[in-house]
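The structure appears right after this line, and notes come after that.
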Amino acid sequence: GSTNNAISNYNSLQASISKRLTSGVSFNFNYTWSHFLDDQDSSGWGSRTGDQNYQNAFDPSKNYSNSNFDVRNAFKGNRVYELPVGKGRMFLNHNWLLDEAVGGWQVAGTIVLSSGNLFSVYASDGSSYAHAGSLFPNWTGESIVPKGGRTIDHWFNPGAFSRPAPGTFGNVRRNSVYGPGLEVVNLSAGKKFTIREQVKLQIRADASNAFNHPSFGVPNQQLKVN
């Protein structure tokens, strides 16, 4: 038989602060803490994101755990700052030459800081030992964080997991480990020139990921545990 039923549960705390453009300054910042749980993240294999594996296909409810889309913390924002110089501004507003040189400049940016995506750890090695090809391990009681802290080369402690006894399922749930987070800052600067009253020209420079901060994917999920 088959089932087309699924369950999901999303809860969040959301906070925001914003300022409309006044005195050349505007900003909008948002923070969300959330927890998204479900037992199925998509209706098929065509448009899914992340793993969609069952340890026990005869009991789909045991798949209820953190969703592929569970991002626990997310901070996003944008800001705009218009320099207070030049025509119509507070300073240097009566000199045409200075207005052409330093007037009309605008600096803007966006920021995204978020927790990493969740992923599952698998205890099987592709052998016939696996019940359905996706065997989850057991917890051993050791800390999942490696001694000395996480690094890109050593993201979690393999000793936190052990292979379930033959004929049993592991007690580690789907999507139990968080991957690296996301940190992106984009910046832009531009200047407006007034050609005529209804005609304006803008030059600008944009920098995506201005601080060149790398964003890594999830590490190897397949373990050969004892």
Side-chain angles (χ1 to χ4, degrees), residues 8-38 41-42 47 49-50 66-119 145 149-152 155 175 177-219:
S8 64
N9 184 8
Y10 177 82
N11 293 282
S12 69
L13 168 68
Q14 302 178 30
S16 65
I17 181 172
S18 61
K19 179 183 182 300
R20 294 184 178 181
L21 185 63
T22 55
S23 302
V25 178
S26 71
F27 58 78
N28 181 36
F29 294 101
N30 304 275
Y31 169 74
T32 300
W33 176 92
S34 63
H35 194 191
F36 186 12
L37 300 112
D38 60 24
D41 283 308
S42 70
S47 303
T49 299
N66 300 314
S67 169
N68 289 340
F69 307 102
D70 181 33
V71 176
R72 199 61 56 90
N73 296 277
F75 177 81
K76 302 178 182 181
N78 62 78
R79 65 277 191 202
V80 175
Y81 177 61
E82 296 179 344
L83 269 63
V85 296
K87 184 177 180 180
R89 304 290 186 229
M90 185 177 298
F91 306 106
L92 305 177
N93 51 18
H94 297 299
N95 188 300
W96 177 85
L97 184 60
L98 287 176
D99 180 57
E100 289 297 314
V102 297
W105 281 98
Q106 175 180 285
V107 179
T110 63
I111 183 171
V112 177
L113 306 174
S114 70
S115 303
N117 290 103
L118 285 149
F119 64 94
V145 179
R150 286 189 167 103
T151 66
I152 295 302
W155 189 253
N175 288 342
V177 187
Y178 281 93
L182 179 67
E183 299 180 24
V184 178
V185 175
N186 302 315
L187 299 174
S188 69
K191 175 178 168 54
K192 293 180 181 179
F193 296 89
T194 300
I195 308 301
R196 296 178 181 176
E197 184 176 353
Q198 301 297 327
V199 180
K200 298 182 184 299
L201 172 68
Q202 183 184 52
I203 60 172
R204 59 182 294 168
D206 299 304
S208 298
N209 192 15
F211 301 112
N212 197 31
H213 191 281
S215 297
F216 296 95
V218 300

* **Beyond-backbone contact of Val71 with Phe36, side-chain heavy atoms, under 4.5 angstrom** => no
* To do: Taking the side chain as every heavy atom from C-beta outward, state whether Tyr10 and Ser67 have any atom pair closer than 4.5 Å.
  => no
* **Main-chain N/O of Asp70 paired to Ser34 side chain as donor or acceptor, under 3.5 Å** => no
* Tell me, do Leu118 and Val177 make a side-chain contact under 4.5 Å, heavy atoms counted? -> no
* **Contact check, side chains of Val112 and Asn186, non-hydrogen atoms, under 4.5 Å** => no
* Asked: Hey, does Ile111 have a side-chain heavy atom less than 4.5 Å from the side chain of Arg79?
  -> yes
* Donor-acceptor contact present, side-chain Asn68 to main-chain Asp41, <3.5 Å -> no
* Tell me, do His213 and Val185 make a side-chain contact under 4.5 Å, heavy atoms counted? -> no
* **Within-4.5 Å side-chain heavy-atom neighbours: Trp33 and Arg72** => yes
* Under 3.5 Å donor-acceptor, Ser115 side chain and Asn73 backbone -> yes
* **Non-hydrogen side-chain atoms of Val80 and Gln106 separated by less than 4.5 Å** => yes
* Any donor-acceptor pair under 3.5 Å from Asn28 side chain to Gly77 backbone -> no
